[in-house]
Protein chains: 2
Amino acid sequence: MAHLPRCDSPPFPAVDHDHGRCRSWILQRAEQLCQQQGIRFTPQRQQVLAILSASHRSLGAYDILERMAESTRRPTPAAVYRALAFLMELGVVHRMSGNNAYFACTRTNHQHIMQFWICRRCGVVAETESSTIAQAIPLLAETLEFQTAWVTMEIEGECRTCRTA
Amino acid sequence: MAHLPRCDSPPFPAVDHDHGRCRSWILQRAEQLCQQQGIRFTPQRQQVLAILSASHRSLGAYDILERMAESTRRPTPAAVYRALAFLMELGVVHRMSGNNAYFACTRTNHQHIMQFWICRRCGVVAETESSTIAQAIPLLAETLEFQTAWVTMEIEGECRTCRTA
DNA sequence: AGCTGATTGATATAATATATCATCTCAAAG
DNA sequence: CTTTGAGATGATATATTATATCAATCAGCT
């Protein structure tokens with residue numbers, strides 16, 4: 001199967017960017033990953049990802065639940081969390097532990113040392129992958145004799161759009 | 001007022017280190033900061049910090065509550081959270097957002113770009129302050145035109161002690 | 001002693017997340 | 001075409017983490 005083109009939106013894309021492309025990239029990528037792995041991209045899972053992919057903002061689990069309730073019958077919290085767990089396992093959704101929110105990934109990140117930049121005003125999340133930091137962490141870990149399993153890097157602040165507005 | 005000596009325990013101190021020194025360093029530092037700032041280091045606040053300073057492990061708010069209940073009358077959750085908020089504001093306790101746990105800081109960190117290394121097995125938390133990373137983040141922020149307000153860096157894994165045990 | 005602001009207590013509830021077991025669905029095997 | 005079995009969802013309950021609100025108390029000042 002051909003590789004989908006990388007979502008070419010930059011971190012913090014302009015407010016007037018063609019978000020339809022981002023959205024379809026996110027959804028098609030998930031579908032492709034499911035097909036490759038022979039697992040089911042059920043309507044409920046699609047619905048959760050569709051809601052998240054509607055913007056670059058992160059949403060709380062219960063926000064997602066409310067939006068699902070608008071178009072179909074209200075799911076249970078467990079259903080939402082199950083779909084989120086599935087999508088995170090698939091690698092297309094990330095959880096921001098700083099504010100218990102979830103957002104749709106727009107990068108094919110095979111590394112797991114990423115930076116998430118979260119605008120406190122508009123909620124938009126941008127992803128970067130600094131090679132400097134990706135190198136620094138294993139060095140520190142070696143000094144500490146620490147075996148790294150998971151790295152969380154979240155930077156909160158204000159994005160350009162909100163600062164200039 | 002003279003500056004207290006820096007807590008000289010290394011990140012992930014040996015299991016047989018003299019923890020009494022760490023503990024008293026933590027408590028005395030907090031007392032000193034309160035005196036300097038003319039704010040009150042009340043028994044409840046002391047008690048919370050004493051519980052956290054009993055080890056280098058992080059504890060959940062309700063774990064702290066249970067331990068308080070062992071020695072005095074059971075506080076309310078709000079009381080625990082208030083004490084924690086006070087101690088975090090003072091800069092002597094940090095919150096690990098990855099697992100909603102709190103631990104006593106053992107560094108006089110005036111920078112706010114720190115790395116927290118959390119052993120999943122024993123719960124011990126170590127702090128580092130990488131200058132490489134401290135430089136990299138503002139550079140990335142500049143490229144993104146992002147105004148940084150807060151940086152969270154948490155690395156989960158296994159510490160040396162647990163790996164060799 | 002009386003005032004004032006900070007602290008704590010008491011109570012309730014919000015917000016986030018998971019456990020458990022029953023039921024349903026789908027796709028593959030027979 | 002039916003059976004069957006694993007995975008997915010529904011239903012219900014509950015666990016875990018955290019905050020809001022208002023009353024009571026305490027410490028320091030005059």
Side-chain angles (χ1 to χ4, degrees), chain A residues 30-31 33-52 58-69 71-90 92-103 118 123 152 154, chain B residues 30-31 33-52 57-69 71-90 93-103 118 123 152 154:
Chain A
E31 187 158 12
L33 286 170
C34 287
Q35 282 180 7
Q36 284 171 352
Q37 299 177 30
I39 51 187
R40 288 160 56 191
F41 194 32
T42 63
Q44 207 168 51
R45 292 164 178 174
Q46 291 177 37
Q47 191 186 10
V48 168
L49 188 59
I51 286 165
L52 286 175
S58 63
L59 293 174
Y62 284 80
D63 296 333
I64 295 168
L65 190 152
E66 291 307 322
R67 300 214 186 173
M68 291 173 82
S71 53
T72 57
R73 75 194 298 255
R74 176 177 298 266
T76 64
V80 178
Y81 282 104
R82 279 192 289 233
L84 286 170
F86 174 87
L87 295 167
M88 285 191 286
E89 173 72 19
L90 197 63
V92 300
V93 163
H94 298 307
R95 179 175 187 275
M96 299 292 91
S97 57
N99 60 350
N100 303 314
Y102 304 82
F103 84 103
I118 303 149
T152 299
E154 296 172 15
Chain B
E31 188 158 13
L33 286 170
C34 287
Q35 282 179 6
Q36 284 171 352
Q37 299 177 30
I39 51 187
R40 288 160 55 192
F41 194 32
T42 63
Q44 207 169 49
R45 292 164 178 173
Q46 290 177 37
Q47 191 185 10
V48 168
L49 188 59
I51 285 165
L52 286 175
R57 300 177 51 200
S58 63
L59 293 173
Y62 284 80
D63 295 333
I64 294 168
L65 190 152
E66 290 307 322
R67 300 215 186 173
M68 291 173 81
S71 54
T72 57
R73 76 196 297 256
R74 175 177 299 267
T76 64
V80 178
Y81 282 103
R82 279 191 289 233
L84 287 170
F86 174 87
L87 296 167
M88 286 191 286
E89 173 72 19
L90 197 62
V93 163
H94 297 306
R95 179 176 186 275
M96 300 289 92
S97 57
N99 60 350
N100 303 316
Y102 303 82
F103 84 103
I118 303 149
T152 299
E154 296 173 14

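For the numbers below, each heavy atom of this structure counts, side chains included, while hydrogens, waters and symmetry mates do not. Naming: A, B, ... by sequence-line order, numbering from 1 per chain. Everything quoted here is computed from the prediction, not taken from an experiment.
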Distance, rounded to the nearest Å, where [X] contributes [atom1] and [N] contributes [atom2]:
| X | N | atom1 | atom2 | result |
| --- | --- | --- | --- | --- |
| Met68(B) | dG9(C) | CE | C1' | 13 Å |
| Gln46(A) | dT9(D) | CD | P | 10 Å |
| Gln47(B) | dT8(C) | CD | P | 11 Å |
| Phe86(B) | dA6(C) | CZ | C1' | 11 Å |
| Gln44(B) | dA10(C) | CD | P | 11 Å |
| Gln35(B) | dA27(D) | CD | C1' | 16 Å |
| Ile39(B) | dG5(C) | CD1 | P | 18 Å |
| Leu59(B) | dA18(D) | CG | P | 13 Å |

Rounded to the nearest 0.5 Å, how far apart are CZ of Arg82(B) and OG1 of Thr42(B)?
-> 10.5 Å
Could you tell me which residues satisfy ring pair (Phe, Tyr, Trp, His ring centres under 6.0 Å) with Phe103(B), sequence neighbours excluded, listed by chain and number?
->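 Counting only residues at least two positions away or on another chain, Phe103(B) forms a ring pair (Phe, Tyr, Trp, His ring centres under 6.0 Å) with His94(B), Phe116(B).
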Below the 4.0 Å mark, does [N] have OP1 or OP2 next to a side-chain nitrogen or oxygen of [X]?
| X | N | result |
| --- | --- | --- |
| Arg74(B) | dT8(C) | no |
| Thr42(B) | dT8(C) | yes |
| Arg45(A) | dA8(D) | yes |

Is it true that atom CD of Gln37(B) has more than 12 heavy atoms of other residues, nucleotides or ligands lying nearer than 6.0 Å?
->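 Counting neighbours around CD of Gln37(B), more than 12 heavy atoms of other residues, nucleotides or ligands fall under 6.0 Å, so yes.
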For Arg95(B), does the CZ atom sit with more than 12 other heavy atoms under 6.0 Å from it, leaving out its own atoms?
-> yes
Answer with yes or no whether the side chains of Ser97(A) and Glu154(B) bring together a donor and an acceptor at under 3.5 Å.
->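 No.
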Encode nucleotides 16-30 of chain C as B, S and - characters from 5' to 3', where the letter depends on protein heavy atoms closer than 4.0 Å: B to the base, S only to sugar-phosphate, - to neither.
-> BBBB------S----
Leu49(A) vs Phe41(A) side-chain heavy atoms within contact, under 4.5 Å |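 Leu49(A) vs Phe41(A): side chains touch.
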All salt bridge (Lys or Arg N to Asp or Glu O under 4.0 Å) counterparts of Arg74(B), not counting sequence neighbours = Glu66(B)
